[in-house]
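Only one structure is covered here, and it is reproduced in the block below.
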Amino acid sequence: MNLEKTYNAASVEDKWYAYWLKHKFFRSVPDHREPFTIVIPPPNVTGVLHMGHMLNNTIQDILIRKARMEGKNACWVPGTDHASIATEAKVVQMLREKGIKKTDLTREQFLQYAFAWKEKYGGIILEQLKKLGASCDWERTRFTMEDSLSEAVIDAFIHLYKKGYIYRDLKMINWDPVAKTTLSNEEVIYEEKQSTLYYVKYLLKGSESYIPVATVRPETIMGNVAVCVHPDDERYAQFIGKTVIVPMVQREVPVIADSYVDKEFGTGALKITPAHDVNDYELGKKYNLPIIDCLNEDGTISEAAQVFIGLDRFTAREMAAKKLEQEGLLIKTEIITNKIGFSERTNAVVEPRLSMQWFVRMQELAGPALQNVMNDEIQFYPERFKNLYKHWLENIRDWPISRQLWWGQRIPAWYAPDGTYAVAKSREEAYEQLKENFPHLKPEELKQDEDVVDTWFSSWLWPISVFDGFKNPNNEDIRYYYPTSVLVTGWDIIFFWVARMIMAGYEFRNEKPFKKVYFTGMVRDKMRRKMSKSLGNSPDTLELLSKYGADGVRFGVMSAAAAGNDLLYDDKQPEQGRNFCNKMWNALRLIKGWEVTTTSEHSNHTAIQWFEQRLHESIEEIDHLFEDFKLSEALISLYKLIWDDFCSWYLEMIKPEFGKPIDAFTYDRTIDFFDILTRLLHPFLPFVTEEIWQNLRPRKDGDSICVSSYPKSYNDKTDRSLLKQAELAFEIISNIREIRNQAGLRNNVSIACYYNGSGDITFDSFSHYIKKLCRLHTFERSEEEFKDFDTFVSGGYKFFIDVPGRESKDENRQKVLKELEYMRGFLASVEKKLSNEKFISSAPPAVVENERKKRDDALKKIKLLEESLH
RNA sequence: GGGUGCAUAGCUCAGUUGGUUCAGAGCAUCUGCCUUACAAGCAGAGGGUCGGAGGUUCGAAUCCUUCUGCACCCACCA
């Protein structure tokens, strides 16, 4: 066998992924086995995958691969999300770069461009997932806007409408003037910004006196319909009921009083602009004030404003300030910090806007969703996200779902010429509903609502709709796979998606959509900034995958990612993963390079038994870590098991001398061990483990580690007696090696070591290996005290190293003194504890007993150390 | 304004229900090695008052109180 010196991830990974696909190992159809199902959080087709996706999908793949190896029917459903507003914004921008304006296109033409975009980027995304090693059932790939899933959206809409949960209303909503669409609260991101607060004079009609009003938005002054003060505010009591003049437009408006106004803030007087502020709108309704909308949908000043018509709102703000100053109405300005809402997708400053939209009433939907998370019917990992979830659901508000976009499922409402509408699956059905009241109506006169639904109104159905649970609620797939086993997603979309999927699950199937939710943290850069394209701090994942290999990247993101905790990404992490792959690769090279004798005589019982014990100890530990979703700890634990225990200790112990063969028994056991190790590691690093596993033994076409069995720990009482002995032996080896290092001995110089004393634990079984690993020509018991030798004390034994030509033993002596000092301190603290009556009486007997043993051990060690100083 | 989380080695973090003088890992640093699997490596070393203060306890990184600093979420204060 001829294996390359370094592991070549690129060629290995492509080879095995193609092999897995060819043999359809990832294909899942319902059968008699227990299902293990994950639906992917569908990535947006806006671009390519970033680091967050690498993390998220690696976790899902680990869980799926482990379940598959455990004999479950593992099904991972992949797919993509049309991401209505985000994608539409991208397509609009792409068209603009080509010199095409959206307004020049028909809806149909635009959708063609959008679908072409989806084909391109959706395809790239799926390829990236394959590169990562994702073991999805690709035959099940879904897209949120494909026919079946769009029909599910319409069904859901009609269902909720009939139930009275969907309604149409004129309300104040968040408006994105760039995308020109409504947004939900969740799509608005508030940031603290410095703003100018303008103090403006509102002159009393026919008088020189005025009410000072503070505002950060002078460009909406033209929409003022009243000034409001607190009824108990003595400063303005005289103005209440009088008329003041709105600056710039000279409108005469009343001064009203309402306790909503905070006397302490600003000037204590508030201008009322019902069209541009939620609170003002409420006050306007209360006092029956008119509404003057002085903004257009693109954020420019409307004709209703009378001045600055057509100017952008920010330009108008400056102009208004200037004009107020010119007219002598500006008292002063002040810089304050306030929160400004930005559109999540376009980053435009959001406007409160009064508009007719479709809403989902959330109160009833929230009930079961809240209850079943709080009682752990659906489990959250980490649990603390329950708090966040609870708070949101308890304060839930209705969900505006209509979006003034083209890319998405169109709202199934049909309007008669007079505005009366029917909600129906088709024009024909709508016509049937309406014709009773409109005998002369013709079907072609009906107009469908121009808006589409919020993208989350489609993705909240995902766990149901990917299994066609709307079209055919009793089909075999959904009965078998639903509810899914676990959802893996970032905590940032807990409201957008997780909460709503839970609501949809209970509403449409009367059953939870998943049993567990694993929340991942956000991937940040070394400066703790969230990775984003605009900052340019997210590595190019395709480049990363080709540089370090998918296994390297998977190791990198997993090794630092505790559930729910953000992780700081650094190139060092995938590098460590790549190195790990190479380490295992070279272990394979070592083993496969051995010549094997036919004899089964051997002297490696101890090493083999020790490693077996160590292996099963690890398997138990890893099982527990998996139960708690502590995946990064499980990976680190495997890393140490393989690198330290297997490579550094076990292989070095059994390694035959150069040129000599290894016995068949040791060889076979070693292959067994490596086989088990690769299977344990396979869920984390699928490619390198497949490559090694395939090389360990002769395999047939169709064999694969990904459908082999996941190792189980022994259930019977496994003997663990060698673990302690090994610990002592390794400690002795390290001590001898340190002395060798201090003495500057070359590796080919062999030395002698003598020891005496006795301890609770022996190292006899390991003597042979100590000798071998420390290059000792002599390692034996001797009652003699070797006064000129370097010494150390370990496990109740005193060791003497004969270093030829060693001039100074100061270094060694210093070390012994230091240890002696430490042990004396240790002894003092133990004795103090033991002489404390309260400790003896209140501590558990086992703890006291342990302290006594520590004292005896310490006394013994001190004695040995003191002796060895002479 | 309400809420959550975090603070442990130079950096990033582990540390289960309080019990070893237990303070741990990886990276980084330092020393010595191209030793026939691996320099993407091997053998070693140094490094921390577990954010501050108080309390509970025989015993606290761990439990309680408080303070400080940081991060995030939610909320209609111009």
Side-chain angles (χ1 to χ4, degrees), chain A residues 3 5-7 172 185 190 197 213-217 228 260-262 264-273 277-282 336 338-339 352 382 384-385 387-388 391-392 395 491-492 494-495 522 526 528 548 552 559-560 562 564-568 570 572-573 575-576 578-594 624 628 630 632-633 636 639-640 647-648 651-652 655 658-659 733-734 737-742 744-748 775 822-823 825-830 833 836-844 846-848 850-851 853-854 857-858:
Chain A
L3 300 173
K5 198 172 172 187
T6 49
Y7 175 66
M172 201 60 118
N185 288 323
Y190 290 91
L197 185 62
V213 171
T215 177
V216 288
R217 304 208 56 191
C228 189
Y260 163 77
V261 178
D262 180 353
E264 310 303 321
F265 192 90
T267 63
L270 179 65
K271 71 185 178 74
I272 306 292
T273 323
D277 185 279
V278 185
N279 306 304
D280 291 13
Y281 174 67
E282 293 303 323
I336 58 156
N338 63 346
K339 295 241 178 178
R384 79 182 121 92
F385 286 108
N387 295 330
L388 195 61
H391 184 261
W392 188 75
N395 297 284
W491 56 259
D492 55 333
I494 187 168
F495 307 138
M522 302 292 108
K526 274 190 276 189
R528 282 190 185 281
Y548 297 105
S559 63
N565 285 1
D566 288 358
L567 82 100
L568 268 61
D570 181 14
K572 282 287 175 205
Q573 293 157 3
E575 194 181 315
Q576 197 187 346
R578 182 198 61 177
N579 295 355
F580 184 35
C581 293
N582 193 50
K583 181 73 183 176
M584 290 185 285
W585 174 252
N586 275 288
L588 176 72
R589 285 180 64 222
L590 172 70
I591 293 167
K592 298 306 281 188
W594 286 332
H624 286 128
D628 298 337
K630 294 188 172 175
S632 60
E633 284 181 58
I636 296 292
Y639 175 83
K640 286 191 225 168
C647 294
S648 296
L651 288 179
E652 291 300 331
K655 186 156 99 178
F658 176 64
I733 291 168
S734 291
R737 280 171 172 171
E738 190 184 344
I739 288 169
R740 288 190 64 112
N741 262 355
Q742 280 174 10
L745 289 181
R746 296 192 63 82
N747 293 301
N748 56 6
R775 304 233 172 191
Y822 172 90
M823 285 313 297
F826 175 75
L827 180 65
S829 94
V830 173
K833 216 182 268 189
N836 183 335
E837 294 272 340
K838 283 187 175 168
F839 172 71
I840 305 290
S841 54
S842 38
V847 172
V848 177
N850 192 30
E851 290 297 313
K853 186 177 178 315
K854 270 156 53 185
D857 288 348

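Below, read A as the first sequence line, B as the second, and so on, with proteins coming before strands; counting in each chain starts at 1.
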**Complete:** Atom CD1 of Ile494(A) and atom P of G5(B) are separated, to the nearest Å, by 14 Å
**Message:** Check this one for me: any side-chain N or O of Lys833(A) less than 4.0 Å away from OP1 or OP2 of U21(B)?
**Reply:** yes
**Item:** Heavy-atom pair with the smallest gap, counting every atom of Arg217(A) and Pro352(A)
**Value:** NH1-CD, 4.4 Å
**Request:** Specify the separation, in whole Å, of atom CD1 of Ile733(A) and atom P of G44(B).
**Result:** 9 Å
**Message:** Tell me whether the rings of Trp491(A) and Phe385(A) are parallel (<30°), tilted (30 to 60°) or perpendicular (>60°).
**Reply:** parallel
**Prompt:** When all nucleic acid strands are considered with a 4.0 Å heavy-atom cut-off, which category describes Pro352(A): base, sugar-phosphate, or nothing?
**Reply:** nothing
**Request:** Just call it for Gly825(A): base, sugar-phosphate, or nothing, with non-hydrogen atoms closer than 4.0 Å on any strand.
**Result:** base
**Nucleic acid footprint by protein, nucleotides 72-78 of chain B - heavy-atom cut-off 4.0 Å, B for base, S for sugar-phosphate alone** = SSSBBBB
Report each atom pair, protein N/O against N/O of nucleotides 38-43 of chain B, whose distance is under 3.5 angstrom.
| from | atom 1 | to | atom 2 | distance (Å) |
| --- | --- | --- | --- | --- |
| C38(B) | O4' | Asn586(A) | OD1 | 2.9 |
| C38(B) | O4' | Asn586(A) | ND2 | 3.4 |
| C38(B) | O2' | Asn582(A) | ND2 | 3.3 |
| C38(B) | O2 | Lys583(A) | NZ | 3.0 |
| C38(B) | N3 | Lys583(A) | NZ | 2.9 |
| A39(B) | OP1 | Lys5(A) | NZ | 3.4 |
| A40(B) | O4' | Asn579(A) | OD1 | 3.0 |
| A40(B) | O2' | Asn582(A) | ND2 | 3.1 |
| A40(B) | N3 | Arg578(A) | NE | 3.4 |
| G41(B) | OP1 | Asn579(A) | ND2 | 3.1 |
| G41(B) | O3' | Lys583(A) | NZ | 3.3 |
| C42(B) | OP1 | Lys583(A) | NZ | 2.7 |
| C42(B) | OP1 | Trp643(A) | NE1 | 2.7 |
| A43(B) | O3' | Arg737(A) | NH1 | 3.3 |
| A43(B) | N3 | Asn741(A) | ND2 | 3.3 |

**Message:** Using every non-hydrogen atom in the two residues, find where Thr6(A) and Asn582(A) come nearest and quote the distance to one decimal.
**Reply:** CA-OD1, 3.4 Å
**Item:** Shortest non-hydrogen contact from Lys833(A) toward Phe839(A)
**Value:** O-CD2, 3.3 Å
**Request:** Starting at atom CE of Met522(A), determine the distance to atom C1' of C13(B), rounded to an integer number of angstrom.
**Result:** 18 Å
**Closest non-hydrogen atom pair, Lys271(A) against Thr273(A)** = NZ-OG1, 3.2 Å
**Message:** With heavy-atom distances below 4.5 Å as the criterion, would you say the side chains of Leu197(A) and Asn338(A) are in contact?
**Reply:** no
**Request:** Please determine if a side-chain N or O atom of Arg746(A) lies less than 4.0 Å away from the OP1 or OP2 oxygen of C34(B).
**Result:** yes
**Message:** What's Lys854(A) touching, base or sugar-phosphate or nothing? Going by heavy atoms closer than 4.0 Å.
**Reply:** base
**Prompt:** Once you round it to whole Å, what is the distance between P of G24(B) and CD of Glu633(A)?
**Reply:** 17 Å
**Asked** When we call it a touch if two heavy atoms are under 4.0 Å apart, what does Gln576(A) touch: a base, just sugar-phosphate, or nothing?
**Response** sugar-phosphate
**Message:** I'd like the P distance from G44(B) over to U66(B), given in whole Å.
**Reply:** 49 Å
**Whole-Å C1' distance, G26(B) and C64(B)** = 34 Å
**Message:** For Lys5(A) versus Trp585(A), what's the shortest heavy-atom pair and its separation?
**Reply:** O-CD1, 4.0 Å
**Request:** Would you check if Glu282(A) and Tyr260(A) make a side-chain contact, meaning some heavy-atom pair closer than 4.5 Å?
**Result:** no
**Asked** In whole Å, what is the span from the CG atom of Asp570(A) to the P atom of C13(B)?
**Response** 11 Å
**Request:** Would you kindly give the CG-to-C1' distance between Asn836(A) and C58(B), to the nearest whole Å?
**Result:** 5 Å
**Item:** Paired and unpaired positions of RNA chain B as dot-bracket, Watson-Crick or G-U wobble under 3.5 Å, | denoting a partner strand
**Value:** (((((((..((((.....[....)))).(((((.......))))).....(((((..]....))))))))))))....
**Request:** Provide the closest heavy-atom pair for Ala587(A) versus Cys647(A) in the form atom of the first, atom of the second, distance.
**Result:** CB-SG, 4.1 Å
**Message:** Give me the distance, rounded to whole Å, that separates A43(B) from G51(B) when you measure between the C1' atoms they each carry.
**Reply:** 37 Å
**Prompt:** Which part of the nucleic acid, if any, lies within contact of Cys581(A), taking any heavy atom under 4.0 Å across all strands shown: a base, the sugar-phosphate backbone alone, or nothing?
**Reply:** nothing
**Complete:** Judged by nearest nucleotide, the residue sitting upstream toward the 5' end of RNA chain B, Val847(A) or Leu568(A), is Leu568(A)
**For atom CD1 of Ile636(A) and atom C1' of C13(B), their distance in whole Å** = 10 Å
**Request:** Figure out the CD/P separation between Glu837(A) and G59(B), and round it to whole Å.
**Result:** 14 Å
